[in-house]
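From a predicted model like this one, the values you see are computed outputs, not experimental measurements. In the text below, chain A, chain B and the rest are named by the order of the sequence lines, each starting its count at 1.
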Number of protein chains: 2
Amino acid sequence: MRIIKTNKLMKKKPTLKSIAEYLNISVTTVSRALSGYDDVSPNTRRQVEEAVATLGYVPNLAARRLVTGKSDAIGILLPVSYGDMRDHFLSHFLLHFGRSLHTHNPNLDLIVSYAPEGEEELSTYQRFIDSQRVDAFVVMRTRKDDARVNLLLENKVPFVTHGRTLSSEKHNWIDTDAISGFEFATQSLIDKGHKKIVLMNLPERMYTSDLRLEGYMNAMNKAGLTPDVFVTEVSDNIPHRLSLELLKSQNAPTGFICASDVIAHEVVKAAKELGIDPCADINVIGCDDLPVSTLGDPTISTLKSSFEDHSNAIISILQAEMNGHLTVPRNKLINYELIERQTSENKNIS
Amino acid sequence: MRIIKTNKLMKKKPTLKSIAEYLNISVTTVSRALSGYDDVSPNTRRQVEEAVATLGYVPNLAARRLVTGKSDAIGILLPVSYGDMRDHFLSHFLLHFGRSLHTHNPNLDLIVSYAPEGEEELSTYQRFIDSQRVDAFVVMRTRKDDARVNLLLENKVPFVTHGRTLSSEKHNWIDTDAISGFEFATQSLIDKGHKKIVLMNLPERMYTSDLRLEGYMNAMNKAGLTPDVFVTEVSDNIPHRLSLELLKSQNAPTGFICASDVIAHEVVKAAKELGIDPCADINVIGCDDLPVSTLGDPTISTLKSSFEDHSNAIISILQAEMNGHLTVPRNKLINYELIERQTSENKNIS
DNA sequence: AATATAAACCAAAACGTTTCGGGTCTTCAA
DNA sequence: TTGAAGACCCGAAACGTTTTGGTTTATATT
């Protein structure tokens, strides 16, 4: 048992008490000095700060959390399904969100755990709430009618959803402006002369799917074109089989609006397999700007919304919730930007 | 202020005390019943368990942590650099690790924070240690001589590194068996008749780069071939420019062993730009089996080691550390498997 | 000189656990 | 009938903070 640090007067981990003794003042005063109260003299405050620095005091979070009832942590329960391509979005989002949170407030912990959709999803949330591990939640991949939302509302736990629900007016949310985004993307293909444009959508369980559909329909209707919608999971080779089928059909579509870059990538791949030029013969637009869309050949056009914006919006709502109480739910719509890459570069389909 | 839950006798959040009062026994006994001590009668234990269930008691973690000094959390301080392609590996690893940790022990929290390489890296670790937020660390992307390792050793905090260091004998680590893996990959190209095989390595700051180099050298020396090594970051378009240069040089290499799939992908891309068939004219092998290597066209051969194995190895070492104390550092080498895809499918380069 | 005001400080309670060092009551052997 | 052993239980302290509701001292006001 050697003493590690060589600072004078150092034996154990310093506490408020040891600092108080060291300075011959009370624990209360030390605490208040450090918390910036104004009933402590400038001189005392300075001494406390010095002592903290030389003794290397760091507050014990457990004790603080016990007494304040706040945990200074925010939780995110990931709905990952192993091997599912959708994990791409989540894993990148997570990294960015964590990073933003940290730069925004390094004292907020991010606790990551898992609550896959299904049986135990709600009970996992409940346990998390009850143990008071976190002050607030970020809820990912919201469904239209999402039981998690109700649970959190009932328990009066602050949270922000990433994606709207059918009861969006009751809770904080951020979301991409899927209607405008998909309308714009569809319109861009219409402008290029496409007549047969399909939407390859995600399952309608997610609300966002409805909104994307709406955007697509808006553009198609305005142009007097017949919409054609397909729904696919982003896993296994379902999107791939579907793409092959579509491309081989007579009177095959030439424009593809895809709800995910992964789907878009499968369309491109299927086209190449069939000897169809994914840039000249058809146009493909994906969504999310995942690495696959820039790394692939050809590069894939995509609807992008910055993780930075997502994260910042979530964090600012969370902060508002955790400090002064929010009287009314807040929300934020984030714009999509159409990134034109090779799969939509040709100017005129005839 | 309405009462949310409708259970009888429920007003506030239940505590040990409320259960004790409810059952007319002492707090001590309740606590001991729940902790599985054997000095509580079967009957009492049953009653306690029932009460816990009906009242919906969940222990307050802050209180427990305060008294035990354990946090039941493990921390991972990510060395992310925004926009860096290496983040691909990290983000996927993180998702998998979290998932494994959760299935292994759902009561262990995973706290994710950020400590980018540089100035504040060590102080970030120090603050994390001092605040006793976590019981143990996972240290990613170890360097040859890694100050984080020393810091953690000095503070006697349990940790496992992902990747060896020069002082590996002093700490727990897991790592991929880079020597064997890269030797095997190189040998596989030699077996196909390649004479000019280059290694496109990562900066030697990381120990793993040395080991990969060693594996490559082993195979080359054994075959009497002249080694040729290049070092590149995995960011910007450095690997791309380097690839173009190499492929355009006279007496250009035909075999490419790359320390990352991202680099391999750049080689492939450069080849295609130059009209070189990345499958027939050259062979390329990457590393890590990132999504880009399966999603790309052509698909890229790669050295794969399963995240599952990584995670499990780390977790089992961590568990050993956190329960009975480990007397001697543990480690685990994880095998690479060569996944042959299109970029190494041709059988004979002449 | 007495009183009000302000500045600086503090003792003690509280948060909800775990654990230490006992205690009481059976039961059973001597 | 006594004593020991075992089974079961409990009071109180401890963990390190924050906060409440003061007290003390010095200065200003009447």
Item to check | Interface residues of residues 41-49 of chain A with DNA chain C (non-hydrogen, below 4.0 angstrom) | outcome: A/S41, A/T44
Checklist entry - Quick one: how far along DNA chain C does chain A reach, first to last nucleotide 5' to 3', anything under 4.0 Å to a heavy atom? => result C/dA8 to C/dG16
Find every protein N or O atom lying less than 3.5 Å from an N or O atom of nucleotides 10-14 of chain D, and list the pairs.
{"residue": "D/dC10", "atom": "OP2", "partner": "B/S26", "partner atom": "N", "Å": "3.0"}
{"residue": "D/dC10", "atom": "OP2", "partner": "B/S26", "partner atom": "OG", "Å": "3.3"}
{"residue": "D/dC10", "atom": "OP2", "partner": "B/T29", "partner atom": "OG1", "Å": "2.8"}
{"residue": "D/dG11", "atom": "N7", "partner": "B/T28", "partner atom": "OG1", "Å": "3.2"}
{"residue": "D/dG11", "atom": "O6", "partner": "B/T28", "partner atom": "OG1", "Å": "2.8"}
{"residue": "D/dA12", "atom": "N6", "partner": "B/T28", "partner atom": "OG1", "Å": "3.3"}

Checklist entry - side chain to side chain contact (heavy atoms under 4.5 Å, CB included) with B/N107: which residues, sequence neighbours excluded? => result B/N105
Item to check | Output field: ring centroids A/H171/A/F159 closer than 6.0 Å | outcome: yes
Checklist entry - What is the nucleic acid contact for B/S31, judged by heavy atoms within less than 4.0 Å: base, sugar-phosphate only, or nothing? => result base
Item to check | Value in whole Å for how far the P atom of D/dC9 lies from CG of B/D38 | outcome: 12 Å
Next on the checklist: If I take atom CG in residue A/L61 and atom P in nucleotide D/dT18, what distance separates them, rounded to the nearest angstrom?
Outcome noted: 10 Å
Checklist outcome for this item: So the salt bridge (Lys or Arg N to Asp or Glu O under 4.0 Å) pairs with at least one residue in residues 51-62 of chain A (sequence neighbours excluded) are none
Next on the checklist: Judged by each residue's nearest nucleotide on DNA chain D, which is more toward the 5′ side, B/T68 or A/T68?
Outcome noted: B/T68
Next on the checklist: Donor-acceptor check, side chain of A/T165 to backbone of A/D145, threshold 3.5 angstrom: yes or no?
Outcome noted: no
Checklist entry - Does B/R32 have any side-chain hydrogen bond (donor to acceptor under 3.5 Å, both in side chains) partners at least two apart in sequence or in another chain, and if so, which? => result B/D39
Item to check | Sequence-distant partners of B/P106, side chain to side chain contact (heavy atoms under 4.5 Å, CB included), two or more places apart | outcome: A/R127, B/H102
Item to check | Contact summary for B/I334 and B/A313, nearest pair of heavy atoms | outcome: CD1-CB, 4.3 Å
Next on the checklist: Which is more 5' along DNA chain D, the nucleotide nearest B/A63 or the one nearest A/Y37? Just name the residue.
Outcome noted: B/A63
Next on the checklist: According to salt bridge (Lys or Arg N to Asp or Glu O under 4.0 Å), does anything in residues 89-98 of chain B pair up with another residue at least two apart or in another chain? List the pairs.
Outcome noted: none
Item to check | Pairs touching residues 165-175 of chain B that satisfy salt bridge (Lys or Arg N to Asp or Glu O under 4.0 Å), sequence neighbours left out | outcome: B/R164-B/D175
In residues 57-64 of chain B, what donor-acceptor pairs under 3.5 Å come from side-chain atoms, sequence neighbours left out?
{"residue": "B/N60", "atom": "OD1", "partner": "B/A62", "partner atom": "N", "Å": "2.8"}
{"residue": "B/N60", "atom": "OD1", "partner": "B/A63", "partner atom": "N", "Å": "2.9"}

Next on the checklist: Quick check on A/K332: does its NZ atom have over 12 non-hydrogen neighbours (other residues, nucleotides or ligands) under 6.0 Å away?
Outcome noted: no
Checklist outcome for this item: Between its two end axes (five pairs each) the helix from C/dA1-D/dT30 to C/dA30-D/dT1 turns, nearest 10 degrees, through 60°
Checklist entry - Would you say A/E50 has more than 12 foreign heavy atoms packed within less than 6.0 Å of its CD? => result yes
Checklist entry - side chain to side chain contact (heavy atoms under 4.5 Å, CB included) with A/K17: which residues, sequence neighbours excluded? => result A/T15, A/E21, A/V27
Checklist entry - To the nearest Å, how far apart are A/K17 NZ and D/dT18 P? => result 16 Å
